[in-house]
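These notes are about the structure you will find just below.
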Amino acid sequence: LKFSRNILVRFKNRHRKLSLEDFEEGDRAIMLQKPIPKLSRTSSFLADQDWANIWSWVPARFRILDLELVFVSSENGFRLGTLFEKCSDSEPLLLTIETTDGNIFGAYLSKSLRNRSSRKFFGTGETFIFNLRPCAQVYSWNETYENQQFIYADENFLAIGCSSGKFGIWIDRDLNQVVSSPCETFNNPSFIDNETGWSDIYCIEAYKFK
């Protein structure tokens, strides 16, 4: 029996194991996603389940990357200026906060903090804020209100989300206090479970994708 070369090639391809080269770029990105990120250093307050939750909220194209800890307040100090210096070239950026009350929450910043020099809100609709403890929940951009007040940063404070003068997350210049209020940008509740809506910060960590 004689078979043409084309028939033999089709038979070989039909029965061979698929490799990454056989898939489109978007499909490869999905296949290579990790359930949790590989960290350059272990977080001082986030467990594997916390990372699993965060990683499921991060845009898919970044879930094939790893995370590098670029700022931790317990080592780099409680100064907003230092946070900006350590993170100014990181885009996107993952910010996590632990309060003295035991609340843990944070934000995914879609744009670099070097944009703070513009003295106005910046960022894109991929920016989101999230709560981890006491309960895990993500709050993405609420397009209904057409509110695009995603990120604001200057020498006095860092804020994520805003409406009617209240911020989803607000951090002071000394990284000492954090305020969380309901806001239209993300249609979120306060992440701080007391009547005042503010708490003292115990630790802040910032991670860049690499």
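Rounded to the nearest 0.5 Å, atoms CG (L83) and CD1 (I171) are 7.5 Å apart. In this structure, CD1 on I201 lies 9.5 Å from OG1 on T100, to the nearest 0.5 angstrom. Note that CG of D66 is 10.0 Å distant from CD1 of I64, once rounded to the nearest 0.5 Å. The distance from the OG atom of S140 to the CZ atom of F186 is 8.5 Å, given to the nearest 0.5 Å. Interatomic distance, CG of L175 versus OG1 of T82, reported as 8.0 Å (0.5 Å rounding). A distance of 13.0 Å separates OG of S90 from OH of Y207, quoted to the nearest 0.5 Å.
Under a 4.0 Å N-O distance rule, the pair E126/R61 qualifies as a salt bridge. Ion pairing between a basic and an acidic side chain is recognised when a charged N comes within 4.0 Å of a carboxylate O; K86 and E205 show no such pairing. Taking the charged nitrogens against the carboxylate oxygens, D154 and R173 have no contact shorter than 4.0 Å, which rules out a salt bridge. Look at E85 and R114 and you find no salt bridge, because none of the NZ, NE, NH1 or NH2 atoms lies under 4.0 Å from a carboxylate O.
Counting only heavy atoms from C-beta outward, the side chains of W51 and L67 approach each other to under 4.5 Å. Side-chain contact between I169 and F105: present, with at least one pair of heavy atoms (C-beta onward) separated by less than 4.5 Å. Side-chain contact between I54 and L94 is present, with heavy atoms from C-beta onward closer than 4.5 Å. Annotation: side chain of S180 is not in contact with side chain of W170 (no heavy-atom distance under 4.5 Å). Side chains of L69 and L39 form no contact here, defined as non-hydrogen atoms less than 4.5 Å apart. Using a 4.5 Å cut-off on side-chain heavy atoms (C-beta onward), D50 and T96 make no contact. Residues F167 and I160 fail the side-chain proximity criterion, which asks for heavy atoms closer than 4.5 Å.
Residues S199 and D101 have side chains that bring a donor and an acceptor to within less than 3.5 angstrom of each other. With 3.5 Å as the limit, one finds a donor-acceptor pair spanning the side chains of N194 and T196.
Residues satisfying the side-chain contact (heavy atoms from CB on, under 4.5 Å) criterion with S181, sequence neighbours excluded, are K166, V179. F122 is linked by a ring pair (Phe, Tyr, Trp, His ring centres under 6.0 Å) to nothing, counting only residues two or more places apart in sequence or in another chain. A search for side-chain contact (heavy atoms from CB on, under 4.5 Å) contacts involving S73 returns F71, F78, C203, I204, not counting sequence neighbours.
Considering every non-hydrogen atom in both L65 and K210, the closest pair reads CB-O, 3.2 Å.
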Original post:
Can you list the steps and then say if F128 with W141 is a ring pair (Phe, Tyr, Trp, His ring centres under 6.0 Å)?
Top reply: CA-CA 6 Å; F128 63 82; W141 178 35; over 10 Å; no
Original post:
Which is it for Y152 and F157 under the ring pair (Phe, Tyr, Trp, His ring centres under 6.0 Å) test, yes or no, and what are the steps along the way?
Top reply: CA-CA 8 Å; Y152 185 93; F157 67 89; 5.3 Å; yes
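Remark: the backbone N or O of Q177 is not paired with any side-chain donor or acceptor of D200 at under 3.5 angstrom.
Taking the ring centroids of F130 and W57, they lie under the 6.0 Å cut-off.
Among the candidates N115, L109, L113, the single residue satisfying the side chain to side chain contact (heavy atoms under 4.5 Å, CB included) test with K111 is N115.
A 6.0 Å sphere centred on CZ of F209 holds more than 12 heavy atoms belonging to other residues, nucleotides or ligands.
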